[in-house]
Visitor: 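Before I ask anything, let me first share the structure, which is written out below as structure tokens.
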Amino acid sequence: MVPGESLEFLTTLVYEARAPGVAENFVIPASFFPWAMIRHLELRGHRMLHSVNSMKDQIMELHTLILEFFCVANAYEAGLHLLEDLISRVRGFTTLTLVNPVSQLPISMIAIHGETLVHLNIRHPRRAGDPYLVVMDAEPYFPESIDELRASCPHISSLTLDVAMGSLPVSTPSRVSITKY
């Protein structure tokens, strides 16, 4: 890559860093990508925080954003701030996927994309041995938040969220008996 070079017709960018520390030491210059042309962006891997940070001044019109494991434990707070900044600056998402060990993104932040959002997937990382065991005990979405999401994002046709199961009403089928000892 020569300074001043760019991929002028690029519309899809998938950037993945598997080795810890690689992404923070290898940040492709922002000028290399035509950010205004990119519609599909995927960033995957530990320590992608530096790549997300390098985009903060770019004008983007993304339709799809997928972020997975973009920060590590000592950067959760900074990661949440960068995530909120990125999501509030870009308009028109149809697909938003976040698999990150940061605090839950407020529904009000997602609602910014309510008129265009069709696919929403927000989860916390899972342990490899047990797909239902969350790596970090982050606060899940509660039913009230889901009601707010439904009202503010009426076009969602695909939804995956971490939900607080203890807060959902549980009904017992009539053929099952529960005995207390």
Side-chain angles (χ1 to χ4, degrees), residues 12-127 134-142 144-146 148-149 151-153 156 159-164:
T12 299
L13 174 60
V14 178
Y15 187 40
E16 186 168 348
R18 292 181 180 234
V22 170
E24 67 188 33
N25 296 320
F26 181 73
V27 175
I28 297 171
S31 62
F32 189 69
F33 299 116
W35 292 105
M37 298 291 295
I38 295 175
R39 299 296 177 258
H40 180 108
L41 176 63
E42 295 183 38
L43 298 174
R44 294 186 178 125
H46 299 284
R47 302 183 191 267
M48 293 298 284
L49 193 64
H50 295 284
S51 295
V52 174
N53 191 36
S54 73
M55 293 177 227
K56 68 182 177 184
D57 296 326
Q58 303 305 319
I59 296 171
M60 292 187 273
E61 296 180 29
L62 299 172
H63 296 168
T64 299
L65 175 63
I66 299 172
L67 291 176
E68 295 181 1
F69 305 102
F70 76 98
C71 66
V72 292
N74 60 351
Y76 288 157
E77 189 172 326
L80 181 59
H81 291 303
L82 279 175
L83 181 61
E84 288 178 349
D85 177 62
L86 178 61
I87 290 177
S88 66
R89 280 188 306 105
V90 178
R91 294 289 187 271
F93 287 129
T94 57
T95 301
L96 179 59
T97 297
L98 305 171
V99 181
N100 292 295
V102 297
S103 298
Q104 288 290 19
L105 193 63
I107 295 296
S108 59
M109 187 67 56
I110 298 166
I112 293 170
H113 304 280
E115 289 304 312
T116 57
L117 195 60
V118 177
H119 307 282
L120 179 62
N121 178 0
I122 300 179
R123 299 183 296 111
H124 289 285
R126 307 286 190 239
R127 292 197 190 275
V134 177
V135 171
M136 180 185 157
D137 190 22
E139 184 177 320
Y141 289 105
F142 289 94
E144 300 80 24
S145 297
I146 296 171
E148 181 184 345
L149 179 66
S152 59
C153 300
I156 289 181
L159 177 64
T160 304
L161 293 175
D162 283 333
V163 177

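We count residues from 1, following the sequence as given.
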Visitor: With rounding to the nearest 0.5 angstrom, report the CD to CZ distance, Gln58 to Phe33.
Guide: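 Between atom CD of Gln58 and atom CZ of Phe33 there are 10.5 Å.
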Visitor: Quick one: does Arg123's side chain get under 4.5 Å of Thr160's, heavy atoms only?
Guide: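 Arg123 vs Thr160: side chains touch.
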Visitor: How long is the span from the CG atom in Leu96 to the CG atom in Leu120, to the nearest 0.5 Å?
Guide: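 Reported value, rounded in 0.5 Å steps: 5.5 Å.
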Visitor: Using the side-chain contact (heavy atoms from CB on, under 4.5 Å) criterion, which residues pair with Arg91? Sequence neighbours excluded.
Guide: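 For Arg91, the residues satisfying side-chain contact (heavy atoms from CB on, under 4.5 Å) (neighbours in sequence not counted) are Ile112.
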Visitor: How close do Leu62 and Ile38 get, counting heavy atoms only, and between which atoms?
Guide: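 Heavy atoms of Leu62 and Ile38 come nearest at CD2-O, 3.4 Å.
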Visitor: To the nearest 0.5 Å, how far apart are CG in Leu13 and CH2 in Trp35?
Guide: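 Here the rounded value is 5.5 Å.
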Visitor: So do Ile122 and Val99 actually touch side chain to side chain, heavy atoms under 4.5 Å?
Guide: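 Val99 does not reach Ile122 side chain to side chain.
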Visitor: Evaluate the criterion side-chain contact (heavy atoms from CB on, under 4.5 Å) for residue pair Ile146 and Leu161; output intermediate values, then yes/no.
Guide: CA-CA 9 Å; Ile146 296 171; Leu161 293 175; 4.2 Å; yes
Visitor: Taking only residues two or more places apart in sequence, or in another chain, which ones meet Arg89 in a salt bridge (Lys or Arg N to Asp or Glu O under 4.0 Å)?
Guide: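 For Arg89, the residues satisfying salt bridge (Lys or Arg N to Asp or Glu O under 4.0 Å) (neighbours in sequence not counted) are Asp85.
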Visitor: Can you tell me how far apart CE (Met60) and CG (Leu86) are? Round to the nearest 0.5 Å.
Guide: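 The CE atom of Met60 sits 5.0 Å away from the CG atom of Leu86.
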Visitor: Heavy atoms, side chains only, cut-off 4.5 Å: are Thr64 and Thr97 in contact?
Guide: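 Answer no - side chains too far apart.
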Visitor: Where do Ser108 and Glu148 come nearest, in terms of heavy atoms and distance?
Guide: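 Where Ser108 meets Glu148 most closely, the heavy atoms are N-OE2, 4.0 Å.
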Visitor: Please check: side-chain N/O of Thr94 versus main-chain N/O of Val118, any donor-acceptor pairing under 3.5 Å?
Guide: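 Between the backbone of Val118 and the side chain of Thr94 there is no qualifying donor-acceptor contact (under 3.5 Å).
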Visitor: According to salt bridge (charged side-chain N to carboxylate O under 4.0 Å, His left out), does anything in residues 55-64 pair up with another residue at least two apart or in another chain? List the pairs.
Guide: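 Those involving residues 55-64 are Arg39-Glu61.
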Visitor: Would you call Leu83 and Leu67 a side-chain contact if the rule is heavy atoms closer than 4.5 Å?
Guide: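 Yes - at least one pair of side-chain heavy atoms lies under 4.5 Å apart.
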Visitor: Counting N and O atoms only, with roles assigned by atom type, does the side chain of His113 sit under 3.5 Å from a partner on the main chain of Ile87, one being a donor and the other an acceptor?
Guide: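 Yes; at least one donor-acceptor contact below 3.5 Å.
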Visitor: CD1 of Ile59 to CE of Met37: how many Å apart, nearest 0.5 Å?
Guide: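 The CD1 atom of Ile59 sits 14.0 Å away from the CE atom of Met37.
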Visitor: Between Val14 and Arg44, what is the shortest heavy-atom contact and its length?
Guide: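 Nearest heavy atoms, Val14 then Arg44: CG1-NH1, 4.1 Å.
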Visitor: Taking all non-hydrogen atoms of both residues into account, name the closest pair between Leu117 and Cys153 and its distance.
Guide: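 Result for this residue pair: CD2-SG, 4.4 Å.
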Visitor: Roughly how far apart are Ile66 CD1 and His40 NE2, rounded to 0.5 Å?
Guide: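 One finds 4.5 Å between CD1 of Ile66 and NE2 of His40.
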Visitor: Can you check whether Leu105 reaches Ile110 side chain to side chain, under 4.5 Å on heavy atoms?
Guide: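 Result yes, sub-4.5 Å side-chain heavy-atom pair found.
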Visitor: Checking side-chain contact (heavy atoms from CB on, under 4.5 Å) for the pair Met55/Leu41: CA distance, chi angles, key distance, verdict?
Guide: CA-CA 11 Å; Met55 293 177 227; Leu41 176 63; 3.8 Å; yes
